[in-house]
Amino acid sequence: MTRHLITSAIPYINGIKHLGNLVGSQLPADLFARYQRARGAEVLFLCATDEHGTPAELAAAKAGKPVAEYCAEMHEIQAEIARGFALSFDHFGRSSSPQNHRLTQHFAGRLADAGLIREVSERQVYSNADGRFLPDRYIEGTCPNCGYDKARGDQCENCTKQLDPTDLINPRSAIGGSTDLEVRETKHLYLRQSALKDELDAWIDSKSDWPVLTTSIAKKWLHDGDGLQDRGITRDLDWGIPVKKGEDDWPGMEGKVFYVWFDAPIEYIACAQEWADAGKGPAPEPGADKDSVWERWWRTDRGADDVRYTQFMGKDNVPFHTLSFPATIIGSGEDWKLVDYIKSFNYLNYDGGQFSTSQGRGIFMDQALSILPADYWRWWLLSHAPESSDSEFTWENFQAAVNKDLADVLGNFVSRITKFCRSKFGEALPEGGAWGPEEEALADDLTARIRAYEGFMDAIEVRKSASALRAIWVVGNEYLQTVAPWTTFKTDPDRAAAQVRMGLNLIRLYAVLSQPFIPEASAGMLTAMNATDASWPDDVRAALQALPPGHGFTVPEVMFAKITDEQREDWQSRFAGTRG
RNA sequence: GGCGUGGUAGCUCAGUUGGUGAGAGCGCCGGAUUCAUAACCCGGAGGUCGGCGGUUCAAAUCCGCCCCACGCUACCA
């Protein structure tokens, strides 16, 4: 049995993420993790918060808190929201963990030993008032090209011309507006990605089964202009992982930290160690050390050869996962696991524009949970995942899709059969009758559909999986409509009993199949059916008879209340402006 | 500017190793049904497959040019 290592791009610490972030990484990763677990695979599903960098320091300052305290609080908030969305991480770690500190410094040391690190002395803008070096886009000024007075140091948003901070007229700090800026000399470490270009190129070439989105972005970076450029991996900041060469000091680099995009992917590995150190993993094999618990997922020399590693991320994260992080791993010369499959997503737009964290535009994860159960969001987001191109959230579409799919097709199916059974036979599966041609045909049809569903899920074709699942729900309604137990009951109660048993067994089957998409509703269905067996229907005929005659159940409450026009209009106006 | 992704029914999207009359869901119209959350089921209407040109017996699919939308463009993460 394949073991699945699954990671979601780690969300940045400085605030609550919006639904566009969710659908691009954590949610599809959770879908895949839940599915593989349901199929019986051993799964390690990891995510974490990405806690370093300038934005975190500034957000903490704005909140009036020490950055470590701010990050700890925000981590807990994000963890709570993740639980609210039923994201089934085996561990939700932190890139600021001691484990990541050690590993990041370890990788830097290995890369230095391999000659893949070079020191570069460069000139950067320093703000005396802010007491820090400013990343290019934290410098504002007048664009020398078009005269726009809020141009950023990396690019003018008005005329799109790319800029150097020193090009700006009347430059000022975007943090506090200070014009007390100066150019200072500072030394940084660069990862010599260019030295690994051919190796990375060949590796990407070998991934013919990856989404076009993933490979095309990687190829662009590899071949654009002069090819893959070396990348600075250190910053002049206080909050971060101190630059060290393994366990040794790095002369000349005192007071500097690693760049977040160097340490963030390494957190994928460190997170596994956090998971093991927290005692969440199995006990070590007899005679093995405790690190073997996580290393068997990550070290090919310690048993990770049979691991299939899948990463999920939005398209903006692709370069770091296809190039920088693999360069780090390959360059270390050690036997770390490289990613096997990268599932990347386009963007989800909100009502004609982009979701925007900085502008507070769209729906944020905490707001979403405050108005509707997680399953509503999970279903809509996954069934509309931006796989082939950007997709769009509108309240009308959301209302229509959720009402139709969840309330009408699935929820109503559960209602109609359980209530019918209760009224004619009582709250237990009725005795009598046997399968006829309709039931045999249904079993055949479902078997074919379930195998197709598995194929889409295995291939991480998210929207097609959702569509296939929905079609499986529809089949149940078609069956009831065709055999019409309310009619047969009048002339042949035994026949009706067999039909009702089939309907009730379908509920249990649907719960099992739907669990990766809508885990809470699925659990509710299993509870209502008093079902203890939630194993995957490898044998559909057997699954359709899992609940025997006489098995008691309860009629569940309405599983999915419909979204009313009034609610929709209310939310539409409430979330139209900025978050407040 | 360069690169990338997309432009297929009112809406959201499938579909290209070129070939039986171009598909799904929603919406709409009609029918059937009454177990059910005014739900379900069946049927129907609806499309110059972004535009122009080319290759071919044959193009949504291949080639060229153009238009439009979105994204990326390496110090935000």
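In what follows, every chain begins at residue 1, and chains take the letters A, B, ... in the order their sequences are listed. Here the structure is a predicted model, which means the values were calculated and not measured.
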- Message: Any donor-acceptor pair, under 3.5 Å, between the side chain of A:Gln399 and the base of B:C26, if you only look at N and O atoms?
- Response: no
- Message: Between the base of B:C75 and the side chain of A:Gln124, is there a donor and acceptor pair under 3.5 angstrom?
- Response: yes
- Message: Need one value for A:Thr487: base, sugar-phosphate or nothing, where a base atom within 4.0 Å counts as base even if backbone is also close, heavy atoms only.
- Response: nothing
- Winner on side-chain proximity to A:Arg463, out of B:A77, B:A14, B:U12, is B:A14
- Only counting residues at least two apart or in another chain, list the ones meeting side-chain hydrogen bond (donor to acceptor under 3.5 Å, both in side chains) with A:Arg422. none
- Message: Please check this pair: side chain of A:Asn505 against backbone of A:Leu547, looking for a donor-acceptor N/O pair closer than 3.5 Å.
- Response: yes
- Message: With rounding to the closest Å, how many angstrom separate the P atoms on B:G19 and B:A59?
- Response: 11 Å
- Just checking, is any N or O donor in the side chain of A:Gln399 or A:Asp565 under 3.5 Å from an acceptor N or O on the other one? yes
- Message: Taking B:C62 as the reference, what is the distance to B:C49 when you measure between their C1' atoms (whole Å, please)?
- Response: 16 Å
- Item | Non-hydrogen atoms of A:Ala264 and A:Asp50 that approach each other most closely | CB-OD1, 3.8 Å
- Task: May I ask you to say what A:Lys220 touches in the nucleic acid, namely base, sugar-phosphate or nothing, with a heavy-atom cut-off under 4.0 Å?
- Result: base
- Quote, to the nearest angstrom, the C1' distance that separates B:U12 from B:G53. 32 Å
- Query: Heavy atoms under 4.0 Å, any strand shown: does A:Lys424 hit a base, just sugar-phosphate, or nothing?
  - Reply: nothing
- Mind checking A:Phe413 for me? I need base, sugar-phosphate or nothing, with any heavy atom below 4.0 Å counting as a touch. nothing
- Message: With the six-membered base ring of B:C35 as reference, does the ring of A:Phe420 sit under 5.5 Å away with planes under 30° apart?
- Response: no
- Query: Checking all strands, does A:Asn412 fall into the base, sugar-phosphate, or nothing category for heavy-atom contacts under 4.0 angstrom?
  - Reply: base
- Is a donor-acceptor contact shorter than 3.5 angstrom present between the side chain of A:Asp408 and the base of B:A39? no
- Message: Looking only at the side chains, is there a donor atom on one of A:Asp492 and A:Thr488 sitting less than 3.5 Å from an acceptor on the other?
- Response: no
- Does A:Glu478 make a side-chain donor-acceptor contact with the base of B:C41, cut-off 3.5 Å? no
- Using the P atom on both, measure B:C57 against B:C3 and round to a whole Å. 34 Å
- Note on the structure: Taken to the nearest whole Å, CG/A:Asp316 to P/B:U5 is 17 Å
- Message: Could you tell me how far B:C68 sits from B:G47 if I compare only their P atoms? Round to whole Å.
- Response: 27 Å
- Among the nucleotides B:U37, B:A14, B:C42, whichever has the atom closest to the side chain of A:Lys464 is B:A14
- Task: Indicate, with a heavy-atom threshold strictly under 4.0 Å, whether A:Gly227 touches base, sugar-phosphate, or nothing.
- Result: base
- With sugar-phosphate meaning primed atoms plus P, OP1 and OP2, does A:Tyr190 contact a base, only sugar-phosphate, or nothing at under 4.0 Å between heavy atoms? base
- Contact class for A:Ser415 (heavy atom, under 4.0 Å): base, sugar-phosphate, or nothing? base
- Query: Atom CZ of A:Arg132 to atom C1' of B:C75: distance rounded to whole Å?
  - Reply: 14 Å
- Reckon A:Tyr259 touches a base, only the sugar-phosphate, or nothing at all at heavy-atom distances under 4.0 Å? base
- Query: At under 4.0 Å between heavy atoms, what does A:Glu122 touch on the DNA or RNA strands: base, sugar-phosphate, or nothing?
  - Reply: base
- Please measure how far the C1' atom in B:C63 lies from the corresponding atom in B:U55, and state the result in whole Å. 7 Å
- Task: Mind checking A:Ala401 for me? I need base, sugar-phosphate or nothing, with any heavy atom below 4.0 Å counting as a touch.
- Result: nothing
- Query: A:Thr214 and A:Lys207: side-chain donor and acceptor closer than 3.5 Å?
  - Reply: no
- Which residues satisfy the side-chain hydrogen bond (donor to acceptor under 3.5 Å, both in side chains) test with A:Trp221, sequence neighbours excluded? none
- Query: C1' atom, B:U33 versus B:C26: distance in rounded Å?
  - Reply: 22 Å
- Note on the structure: When rounded to whole Å, the CZ to P distance for the pair A:Phe456 and B:A14 reads 12 Å
- Protein-nucleotide distance (A:Trp473, atom CH2; B:A39, atom P), rounded to Å: 18 Å
- Task: For A:Thr54, answer base if it contacts any base atom (sugar-phosphate contacts may also be present), sugar-phosphate if it contacts only those atoms, and nothing otherwise; contact means non-hydrogen atoms under 4.0 Å.
- Result: sugar-phosphate
- What heavy-atom pair brings A:Ser522 and A:Ala511 nearest, and what distance separates the two atoms? OG-O, 2.6 Å
- When the nearest nucleotide of RNA chain B is assigned to A:Asn397 and to A:Ser216 on a heavy-atom basis, which residue is associated with the more 5' position? A:Ser216
- Task: Could you measure between the two P atoms, the one in B:G10 and the one in B:C42, and give it in whole Å?
- Result: 24 Å
- Query: How is A:Lys419 classified with respect to the nucleic acid when contacts are heavy atoms under 4.0 Å: base, sugar-phosphate, or nothing?
  - Reply: sugar-phosphate
- Query: Under 4.0 angstrom, heavy atoms only, what part of the nucleic acid is A:Val212 near: base, sugar-phosphate, or nothing?
  - Reply: sugar-phosphate
